[in-house]
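Below you'll find the structure, written out as structure tokens, and then a few comments.
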Amino acid sequence: MTNHSSLRKKDGFKNEKMLVIPTEIIASYRTHPLVRSFYITDIGFSPYAVHHYCERTNGANEYILLYCMQGHGTVEVNNIKINLKMHDSLVIAPHIAHRYYSDDNDPWSLLWFHVKGEYLQYFNLEQAQSRLSLNQLQTEELEQFFIDTLALFGDSVSLKKIVITSQKLGALLTTLFLENKQPIDQYPTYHLNHGVRFMTDHIHEQLDLKTLSEALFLSESYLNQLFKKATGYAPITFFLHLKMYHISKILQISDIHINELARNYGYSDPYYFSRIFKKVIGVSPKKFRESTIVIKNPLYFAQESPDTLETLSK
């Protein structure tokens with residue numbers, strides 16, 4: 001955390017997204033049978049949030065769900081420091097003093113939700129005040145909920161929109177806190193799980209097969225066989241799909257310039273990046289941002305014949 005308090009800021013970041021439902025609207029709708037169980041009051045995304053800092057000495061009136069999409073940051077609650085990294089989540093209970101801030105060297109991109117409701121007690125959210133490392137299904141559903149919510153509300157708020165969001169929120173909370181879906185663990189070996197985690201942790205870098213095999217202490221031939229058997233794709237081709245999937249989510253969530261996004265993911269040449277993105281996704285980054293295309297998480301690829309994509313790993 002920086003020692004220069006003048007640099008700290010709670011919001012106002014480039015490409016930031018935020019939705020705050022006016023309190024008078026919440027007051028008029030919160031007793032509705034389809035809303036009162038659980039509903040959002042605030043939702044936002046702070047991308048590449050350098051010097052991000054938020055402190056509430058008396059806590060908030062709602063549960064706060066924090067999700068670190070990229071980078072690193074720290075949450076201090078109950079006199080305990082909790083470090084968050086990519087795909088980590090944490091819940092802060094109402095009226096609990098807290099503060100959280102991004103890492104100076106690797107600032108996080110943070111999704112956050114404020115939620116209330118009569119049925120939240122049944123999700124054992126207090127138990128989630130320790131760090132949770134979300135699996136791929138959970139991260140996908142959480143990110144999609146954010147995208148759908150912002151798209152749904154647009155420039156207006158209505159009872160219908162709040163009802164729809166509340167019902168989707170219930171499904172999301174079930175996935176995050178009640179279900180135990182671990183799609184990555186369906187793969188047969190620890191080596192594959194470790195390989196995917198290594199790829200995720202280095203998603204902003206360029207990896208080759210030699211680097212990956214050395215990091216996992218596996219031979220290149222065995223690693224190649226392992227990934228092809230489980231996913232249908234060679235390791236670096238799979239990594240490329242995973243990277244483009246992450247980028248597609250950023251394109252949907254933020255207005256960050258495509259050239260800047262390319263640099264953030266290890267591509268110094270934006271034209272080369274656009275060609276790779278189009279080969280994997282099917283359209284250019286610009287057209288994808290303007291579309292409603294839904295990209296399938298590469299962890300759920302069936303064993304297909306990726307002949308047209310294999311050249312990307314060479």
Side-chain angles (χ1 to χ4, degrees), residues 15 45-50 67-73 83-89 102-103 105-111 131-144 146-147 183-184 187 191-216 223 226-227 230-231 233-254 256-270 272-281 285 288-289 295-301 309 312-313:
N15 301 309
F45 175 57
S46 302
Y48 307 106
V50 179
Y67 166 63
C68 182
M69 192 170 182
Q70 297 173 358
H72 293 79
N83 296 318
L84 298 187
K85 63 182 186 307
M86 180 187 292
H87 293 170
D88 284 348
S89 177
S102 64
D103 184 83
N105 298 318
D106 186 19
W108 60 17
S109 292
L110 189 71
L111 282 178
R131 183 183 62 215
L132 298 176
S133 292
L134 303 185
N135 64 44
Q136 293 292 332
L137 174 63
Q138 291 169 325
T139 60
E140 182 177 355
E141 294 197 10
L142 191 153
E143 292 167 7
Q144 195 61 49
F146 180 86
I147 294 169
I184 192 172
Y187 295 145
H191 296 307
L192 188 70
N193 298 339
H194 188 42
V196 174
R197 174 57 61 186
F198 183 86
M199 290 178 180
T200 302
D201 290 344
H202 295 79
I203 201 72
H204 295 278
E205 304 170 18
Q206 297 291 340
L207 292 180
D208 55 34
L209 187 60
K210 183 176 184 293
T211 301
L212 186 60
S213 64
E214 289 177 352
L216 301 177
L223 189 61
L226 191 66
F227 269 84
T231 71
Y233 293 90
I236 301 305
T237 303
F238 179 87
F239 173 67
L240 193 60
H241 278 80
L242 195 63
K243 183 189 287 275
M244 295 303 141
Y245 173 77
H246 277 258
I247 292 172
S248 73
K249 290 298 183 182
I250 297 294
L251 284 170
Q252 291 177 312
I253 288 175
S254 80
I256 185 172
H257 195 281
I258 291 173
N259 290 359
E260 182 180 352
L261 185 60
R263 289 194 297 271
N264 290 339
Y265 280 84
Y267 293 96
S268 58
D269 184 345
Y272 175 71
F273 162 72
S274 293
R275 290 198 301 272
I276 295 296
F277 186 91
K278 185 174 182 179
K279 272 194 172 184
V280 175
I281 302 301
F288 178 83
R289 173 171 270 166
I295 303 301
K296 190 175 182 181
N297 189 324
L299 288 173
Y300 299 97
F301 285 163
L309 300 174
L312 297 175
S313 64

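Note that the structure is predicted; figures quoted are calculated from it, not measured. FYI, the numbering just counts along the sequence from 1.
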Interatomic distance, Tyr267 atom OH to Ile276 atom CD1 [nearest 0.5 angstrom]: 6.0 Å
Any heavy-atom pair between the side chains of Phe288 and Lys278 that's under 4.5 Å? no
Is the backbone N or O of Ser109 less than 3.5 Å from a side-chain atom of Gln70, with the two atoms forming a donor-acceptor pair by type? no
Taking the side chain as everything from C-beta on, heavy atoms only, tell me whether Phe238 gets closer than 4.5 Å to Val196. yes
Begin with the C-alpha distance, continue with both residues' side-chain angles, and end with the deciding distance and a verdict on side chain to side chain contact (heavy atoms under 4.5 Å, CB included) for Met244 and Tyr265. CA-CA 9 Å; Met244 295 303 141; Tyr265 280 84; over 6 Å; no
Looking at Ala49 and Ser102, what are the two nearest heavy atoms and their distance? O-OG, 2.6 Å
In terms of heavy-atom contacts, Trp108 and Gly73 come closest through CE3-CA, 3.2 Å
Say whether, by atom type as modelled, one donor and one acceptor occur between the side chain of Lys249 and the main chain of Gln144 under 3.5 angstrom. no
Which heavy atom in Leu242 sits nearest to a heavy atom in Met199, and how many Å separate them? CD2-CB, 4.0 Å
Leu251 vs Phe277, test: side chain to side chain contact (heavy atoms under 4.5 Å, CB included). Steps then yes/no. CA-CA 12 Å; Leu251 284 170; Phe277 186 91; 3.7 Å; yes
With a 3.5 Å cut-off and no angle check, do the side chains of Tyr67 and Gln138 form a donor-acceptor pair? no
One should read off an interatomic distance between Thr237 OG1 and Phe227 CZ, to the nearest 0.5 angstrom, of 11.0 Å
Determine, step by step, whether Met86 and Ile203 satisfy the side chain to side chain contact (heavy atoms under 4.5 Å, CB included) criterion, reporting the C-alpha distance in whole Å, the side-chain angles of both residues, the deciding distance to 0.1 Å, and the verdict. CA-CA 10 Å; Met86 180 187 292; Ile203 201 72; 3.5 Å; yes
Note, Leu209 side chain near Pro235 side chain (heavy atom, < 4.5 Å): yes
Could you measure the distance from the CD1 atom of Ile236 to the NZ atom of Lys243? Nearest 0.5 Å is fine. 10.0 Å
d(Ile258 CD1, Arg289 CZ) to nearest 0.5 Å is 5.5 Å
Check for a donor-acceptor pair, side chain of Asp106 on one end and backbone N or O of Asp103 on the other, with a separation under 3.5 Å. no
When rounded to the nearest 0.5 angstrom, what is the spacing between OG1 in Thr231 and CG in Leu192? 7.5 Å
Would you call Leu212 and His202 a side-chain contact if the rule is heavy atoms closer than 4.5 Å? no
Nearest 0.5 Å, please: how far is CG in Asn259 from CG in Asp269? 9.5 Å
Given side chains that start at C-beta, do those of Asn264 and Ile250 come closer than 4.5 Å, heavy atoms only? no
Does some side-chain heavy atom of Ile247 sit less than 4.5 Å from a side-chain heavy atom of Phe273? yes
Which word best sums up how the rings of His246 and His87 line up, parallel for under 30°, tilted for 30 to 60°, or perpendicular for over 60°? parallel
So which atom in Ile253 and which in Met69 form the shortest heavy-atom distance, rounded to 0.1 Å? CD1-CE, 3.7 Å
Keeping Arg263 on the side-chain end and Pro270 on the backbone end, is there a donor-acceptor pair under 3.5 Å? no
Pair His72-Asn83, side chain to side chain contact (heavy atoms under 4.5 Å, CB included): steps then yes or no: CA-CA 7 Å; His72 293 79; Asn83 296 318; over 6 Å; no
